[in-house]
Amino acid sequence: MVELNDLLDSFLTWTKNFVTWSNFFKLVGIILILLVIFIIYRIILHRVKKIPAEKMSPQRLLVITKIINYAFFLIILMYVLGLFGVKLSAVWGAVGIGGMVLAFAAQTSVSNVISGFFMVAEKNLKVGDLITVGDETGIVDDIRLLSVKIHTLDNQMVRIPNSSIINTNLRNTTYFPQRRMTISCSISYEADLSFALETLKKAPEYCPIVLKDPAPAVWVDGFGASGIELTLAIWFESANFLDAKNQAFIAIKRVFDEAKIEIPYTKIDVKIYGNQ
């Protein structure tokens, strides 16, 4: 019972010493400072998010937003530590040493973060682009500081580290709004070559998706084993790849059939000799 009374007296004494007008005003000041920091943080974040898409890509906006968030929490942490009497110089020293340790222990992650900044700065890809990195081809779903997530054309999720994108060749199929496709086809050696070229030029007329500017082109590509190789080049909007390809092949077959031009194919002649 005596110990309980002593503890109660000690608590009341501490409370009387702590709950003073001086400490009250200090607490109000701390709350006001934290509130001001939070308001500034929200204003900056709101202004950044209001920047039009034509001036800042979604990927760059994502990175800048993350930097603002990290900076806000770091400032709050440093301020709170300062209130408890922690020397910031010692903290920065510890952070520096810890940073060196982390840099050696997690070089891959650091490399990916740095690569992420370079990637966003170069503006080589955006969400919705069809890209190829190494053996992986897919549509970009998300761009983060460490990696890019894509889904392949057969709908599998693939995570590609940013450092892989920076250190290898990146092919962005939909980077430009327009694409060119070249289609090879053969004609028989018996066909009139000039007439065949003029006939092939008519194929794009049956393809509504094919662009007239840049204009389609045809040329002789060489002499093959079973026929003369011709090439048709067409331009189309990147989003219309499959439709343009299907329309082009159908049109080539149509114009050749109408002109009675044979598309050669492998033939096997079999002769059977009976007993004399």
Report the C-alpha distance between S147 and R159 in whole Å, list the side-chain angles of each, state the deciding distance to 0.1 Å, and finish with yes or no for side-chain hydrogen bond (donor to acceptor under 3.5 Å, both in side chains). CA-CA 6 Å; S147 64; R159 177 184 176 275; 3.2 Å; yes
Would you say F241 and M181 make side-chain contact, with heavy atoms under 4.5 Å? yes
I would like to know whether S186 and E229 meet side-chain hydrogen bond (donor to acceptor under 3.5 Å, both in side chains); could you show each step before the answer? CA-CA 5 Å; S186 297; E229 304 293 335; 2.9 Å; yes
Taking side chain as C-beta onward, heavy atoms only, is Y189 less than 4.5 Å from I228? yes
Taking S238 for the side chain and P177 for the main chain, is one N or O donor matched with an acceptor at less than 3.5 Å? yes
Let me check something: do I263 and F223 share a hydrophobic cluster, defined by ILVMFWY side-chain heavy atoms less than 4.5 Å apart, either directly or through other members? yes
Side-chain heavy atoms nearer than 4.5 Å, only ILVMFWY residues, links allowed to pass through others: does that put I183 and I250 together? no
Does the side chain of Y206 reach to within under 4.5 Å of the side chain of V255, using non-hydrogen atoms? yes
What are the two closest heavy atoms between A215 and W235, and how far apart are they? O-CD1, 4.2 Å
Strictly below 4.0 Å, N to O, side chains only: are E198 and K201 in salt-bridge contact? yes
Any donor-acceptor pair under 3.5 Å linking the side chain of D129 with the backbone of L125? no
What about I166 and L170, same hydrophobic cluster or not, with Ile/Leu/Val/Met/Phe/Trp/Tyr joined at side-chain heavy-atom distances under 4.5 Å? yes
Going hydrophobic residue to hydrophobic residue with side-chain gaps under 4.5 angstrom, can you get from M157 over to I139? no
Donor-acceptor under 3.5 Å (T199 side chain, F195 main chain): yes
Minimum heavy-atom separation for D141 and I150, please, with both atom names. OD2-C, 3.7 Å
Atom CG of D135: over 12 foreign heavy atoms under 6.0 Å: no
Pair D257 + R254, salt bridge at N-O below 4.0 Å: no
Please tell me if the side chains of L211 and E237 come closer than 4.5 Å, counting only heavy atoms from C-beta onward. yes
In the single-linkage hydrophobic clustering (I, L, V, M, F, W, Y; side-chain heavy atoms under 4.5 Å), do Y175 and L130 co-cluster? no
